[in-house]
There are 2 protein chains.
Amino acid sequence: MTTVETGARLTPRRREIVEAARQILERDGESALTMRRVAADLGMKAPSLYKHFPDKESLELELIIVGFEESAAAFEAALATQARSQIESLGAAYRGYARAHPHIYRLMTDRPLPHERLPVGLEYRAAAPLAQAMGSVAGARAAWALAHGLVILEINGRFPADADIDAAWRAGITALERLRQT
Amino acid sequence: MTTVETGARLTPRRREIVEAARQILERDGESALTMRRVAADLGMKAPSLYKHFPDKESLELELIIVGFEESAAAFEAALATQARSQIESLGAAYRGYARAHPHIYRLMTDRPLPHERLPVGLEYRAAAPLAQAMGSVAGARAAWALAHGLVILEINGRFPADADIDAAWRAGITALERLRQT
DNA sequence: GTCTATAGTGGGATAGAC
DNA sequence: GTCTATCCCACTATAGAC
């Protein structure tokens, strides 16, 4: 369970700090996520945070872990759905998570990951549904890239204001399903 | 011609400043691109730059324009090639430009564009080759998203170190070509 | 585990003289 | 068009008292 893992890894106070950081990030974006602001929202001073986390990067890493756990859960739930094709369900889940949590999503994808500092198996768990749906490693990577590209261009406001993003998704899903049927 | 456009829009001194900024960005990345550093590389002081550009953002915008001009030229050249399929050629050109100029590429795609401040027709020119090759707007957007996703995940170091990125590109190109043949 | 105080760094931008 | 001087901002992080 997601909650159990998080709870087991973090002391209660650390979890409160991560939660405060998350709310700041979600509400006001990455530039608002400063140690001062996190501390202030908890009624403490910034230096006190360093008794709980060695540096800011470690705190951000916890947010990334939360993002992976939540998106993995969303993908697993999508794969369990029978109403639509697996690829279609996964695409909707991917886009849905990214749009609901754009700043966390960007944090998760904007830079190289320190794989060795993530909970064992977490990356695999998040990637497995797509790999299963696509049936090949190369196909799964292409599918991930397509979904990421659609999502990040949307989040970054790079499609024209009147662009039919739904249609682009449908075209992409169609292409992936034809690849799958090879 | 790219050079003519740039030359017409910028005074010689402004062009020198843009060129210095570009070299810093390409060599040392976005965090190195500061007004102080740009000035120092030109043998001047930071405040003097503000006689040429009203703010840092305006200078960055010139770099984005350069990126669009160069990548548009690369796409046009790729489309003129007859050796491979158009989609394949464009994919290679897209990846090639992004890998050769990762920091400029990130600058071009990381945030919303102030469309009204770009030279008229530039965005259209950069997008046209892909639109032509895909034959539909939705297909072109899916193709752009796929290419962008593959490229930005590669640049950001998000594929496993031993991942076969060439194979992911081949799978993606195959999917797009099947979509094209609808 | 929290505080105060502070170090140390870096950034964008402006005023006014030359 | 360039300079010097300066402002103001913000950040991460540490030391040491309580």
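A, B, ... follow the sequence lines: proteins, then strands. Residue 1 opens every chain.
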Check whether any side-chain nitrogen or oxygen of A:Arg13 sits under 4.0 Å from OP1 or OP2 of C:dT2, and answer yes or no. yes
Return the nearest nucleotide to the side chain of B:Pro47; candidates are D:dT4, D:dT2, D:dT12. D:dT4
Atom pair distance, as rounded to whole Å: CG in B:Leu42 and P in D:dT2: 9 Å
Can you measure B:Met44 atom CE to D:dG1 atom P for me and round it to whole angstrom units? 9 Å
Just by distance, no angles: are the side chains of A:Arg178 and B:Thr174 close enough, under 3.5 Å, to form a donor-acceptor pair? no
Rounded to the nearest Å, what distance is computed from the CZ atom of residue B:Phe53 to the P atom of nucleotide D:dT2? 12 Å
Treating A:His148 as the side-chain partner and B:Gly149 as the backbone partner, does any N or O pair qualify as donor plus acceptor under 3.5 Å? no
Pick the closest DNA chain D nucleotide for B:His52 and for A:Pro54 by heavy atoms, then say which residue is nearer the 5' end. B:His52
Taking atom types as modelled, find out whether A:Glu19 and A:Gln23 have a side-chain donor-acceptor pair closer than 3.5 angstrom. yes
For the base of C:dG11, is there a side-chain donor-acceptor partner from B:Arg36 under 3.5 Å away? yes
Rounded distance in Å - CD (A:Glu30) to P (D:dC11): 13 Å
Distance under 6.0 Å and angle within 45° of the ring axis: does A:Arg125 meet both against A:Phe68? no
Report the nucleotide, chosen from D:dG1, C:dT2, C:dG11, that has the shortest atom-to-atom distance to any side-chain atom of B:Thr34. C:dG11
Between CG of B:Leu59 and P of C:dA13 the distance, given in whole Å, is 10 Å
Has A:Ser48 got a side-chain N or O lying under 4.0 Å from the OP1 or OP2 atom of C:dG1? no
Rounded to whole angstroms, how far apart are CD on A:Glu60 and C1' on D:dC11? 13 Å
Looking at the side chain of A:Tyr50, which of C:dT14, D:dT12, D:dT2 is the nearest nucleotide? D:dT12
Rounded to whole Å, the NZ-C1' distance (B:Lys51 to C:dG16) equals 9 Å
B:Glu57 CD to C:dG11 C1', straight-line distance once rounded to whole Å: 16 Å
Check: B:Lys56 side chain, B:Leu33 main-chain N or O, donor-acceptor pair, under 3.5 Å: yes
Please determine whether a side-chain nitrogen or oxygen atom of A:Lys56 lies at a distance below 4.0 Å from atom OP1 or OP2 of D:dT12. yes
